[in-house]
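See structure below.
The basis for the numbers below is simple: all heavy atoms, side chains too, and nothing from hydrogens, waters or symmetry mates. Indexing begins at 1, ligand by ligand and atom by atom, following the structure's order.
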Amino acid sequence: MQEFLAIATEAALAAGERLQTYYGQLASIQEKGRPGDLLTEADQASEATVIEILKRHYPEHGILAEESGPAGMMESPYLWAIDPLDGTTNFAHGYPFYAVSIALLVQGVPQVGVVFAPFMEELFCAAKGLGATCNGKPIQVSSTATLRESLLVTGFAYDRRETPDNNYAEFCYFTHLTQGVRRGGSASVDLAYVACGRLDGYWERGLSPWDLAAGVVLVEEAGGQVTAYDGSPFVLQSGRILASNGRLHQAMSAELQRVQPLTGWLAPAVL
Ligand code: IPD
Ligand code: CA
Ligand code: CA
């Protein structure tokens, strides 16, 4: 695991350095499909950097990268899930909350996770059984025990205008119950911040494996808990996650199951 972690770290640092050469000077920003789902030359350059390094070290592994899809030996038990720029909207606006996210899945289970936020110069690393670190120092989740004292984070998927299951109701609901709910704009950094105790809990839907896999290892190795909304085992392909410091988990799960979708002013038909 240590060697996998070292190579993932090498790739994340190199890709992060590449991202910084584009920050604040993007020549091309396109929409990928849905409104607001952006693609820039920085996403592509970062992804090429990560893939080149991983392929050089592990030509026999599979690769699942956000912009280029599956590659390499997809029948291998080892699969790298890569988000070359998690937080593209932030990046495109010059908002410095974004990261490179790299995870290694073994037989479908995330085992190694690296999240590098280059503007903040923060490197979060974790591997199963080895703990979690930020810039080499061990990290752990917060000890916040009540929603009333908590600071949470969430996000909204690009299909939010098309589905009533768009997380707006949950966002309002938890805003009412807590000290605040942040919308970071980078799922991997949101999870890294839960892992290091800056945030107490995170939930979101509509995500992809490359958004979540690395952050899940970080939270678990930092002593937190990761499940589906109802507390059942987390399924990476579901795109739906509840991650917390553990102490808040049951309360967050109960509230997520209680909340009703908003109707009326935010109904998709109106948009
Ligand atoms: C997005 C970010 C955001 C989340 C979106 C993701 P991208 O990833 O992680 O926080 O709310 O659902 O798709 O598109 O910037 O890689
Ligand atoms: Ca992403
Ligand atoms: Ca991305």
Side-chain angles (χ1 to χ4, degrees), residues 11-12 15-16 18-20 22-23 26 28-51 63-70 80-103 110 113-120 124 152-163 165-168 170-171 174 181-195 198-199 201-216 218-219 226 229 236-243:
R18 195 90 195 268
L19 281 180
Q20 290 312 93
Y22 293 94
Y23 189 61
L26 278 171
S28 133
I29 304 176
Q30 299 156 33
E31 264 182 1
K32 276 198 271 189
R34 289 197 166 94
D37 191 358
L38 306 180
L39 175 64
T40 75
E41 74 258 42
D43 299 72
Q44 287 166 319
S46 171
E47 184 159 305
T49 302
V50 176
I51 291 176
I63 285 176
L64 179 63
E66 180 179 9
E67 309 307 340
S68 52
W80 293 93
I82 302 159
D83 192 333
L85 172 47
D86 186 35
T88 301
T89 307
N90 287 347
F91 189 92
H93 287 264
Y95 185 83
F97 198 83
Y98 55 87
V100 181
S101 176
I102 302 176
V114 173
V115 174
F116 179 45
F119 189 94
M120 260 75 90
F124 296 89
L152 307 182
V153 66
T154 191
F156 306 95
Y158 296 113
D159 66 357
R160 58 185 174 262
R161 297 175 189 84
E162 299 151 33
T163 172
D165 182 18
N166 52 18
N167 201 30
Y168 296 173
E170 290 84 345
F171 179 78
F174 277 117
V181 179
R182 300 290 174 257
R183 195 291 194 235
S186 172
S188 61
V189 181
D190 296 339
L191 283 160
Y193 279 19
V194 172
R198 290 175 189 157
L199 296 165
Y202 165 69
W203 82 95
E204 193 169 342
R205 59 156 292 280
L207 293 156
S208 298
W210 49 78
D211 297 309
L212 295 175
V216 163
L218 287 171
V219 171
V226 178
Y229 280 11
L236 188 60
Q237 285 71 20
S238 70
R240 202 176 278 262
I241 185 169
L242 168 58

Check: Name of the D211 N, O or S atom nearest the Ca ion (ligand 2)?
Finding: OD1
Check: Does ligand 1 have an atom under 4.0 Å from some heavy atom of F91?
Finding: no
Note to self: Pairs of nitrogen or oxygen atoms closer than 3.5 Å, one from A157 and one from ligand 1: do any exist?
What the structure shows: no
Margin query: Any atom of ligand 1 sitting under 4.0 Å from a heavy atom of D43?
Written below: no
Checklist line | Residues D43 and T40: side-chain donor-acceptor under 3.5 angstrom | finding: yes
Margin query: Taking distance alone, with N or O pairs closer than 3.5 Å, would you say G155 contacts ligand 1?
Written below: no
Margin query: Suppose we only allow N, O or S atoms; which atom of D83 ends up nearest to the Ca ion (ligand 2)?
Written below: OD2
Check: Between Y158 and ligand 1, is there a nitrogen or oxygen pair with a distance under 3.5 Å?
Finding: yes
Check: If you draw the axis of the six-membered ring of Y168, does the NZ or CZ of R160 fall within 45° of it and under 6.0 Å from the ring centre?
Finding: no
Notebook entry, point to check: Taking only heavy atoms of A187, which atoms of ligand 1 are found under 4.0 Å from at least one of them?
Noted result: 2 (C), 9 (O), 10 (O)
Item checked: Those atoms of ligand 1 less than 4.0 Å from some heavy atom in D86 -> 1 (C), 2 (C), 7 (P), 8 (O), 9 (O), 15 (O), 16 (O)
Next item on the list: Indicate yes or no: does an N/O atom of G206 lie under 3.5 Å from an N/O atom of ligand 1?
Entry: no
Notebook entry, point to check: Any N or O on R183 sitting closer than 3.5 Å to an N or O of ligand 1?
Noted result: yes
Margin query: When you measure from the Ca ion (ligand 3) to the N, O or S atoms of L85, does any of those distances fall below 3.0 Å?
Written below: yes
Item checked: For the Ca ion (ligand 2): the N/O/S atom of D86 at shortest distance -> OD1
Checklist line | Heteroatom proximity flag, T89 to ligand 1, N/O under 3.5 Å | finding: no
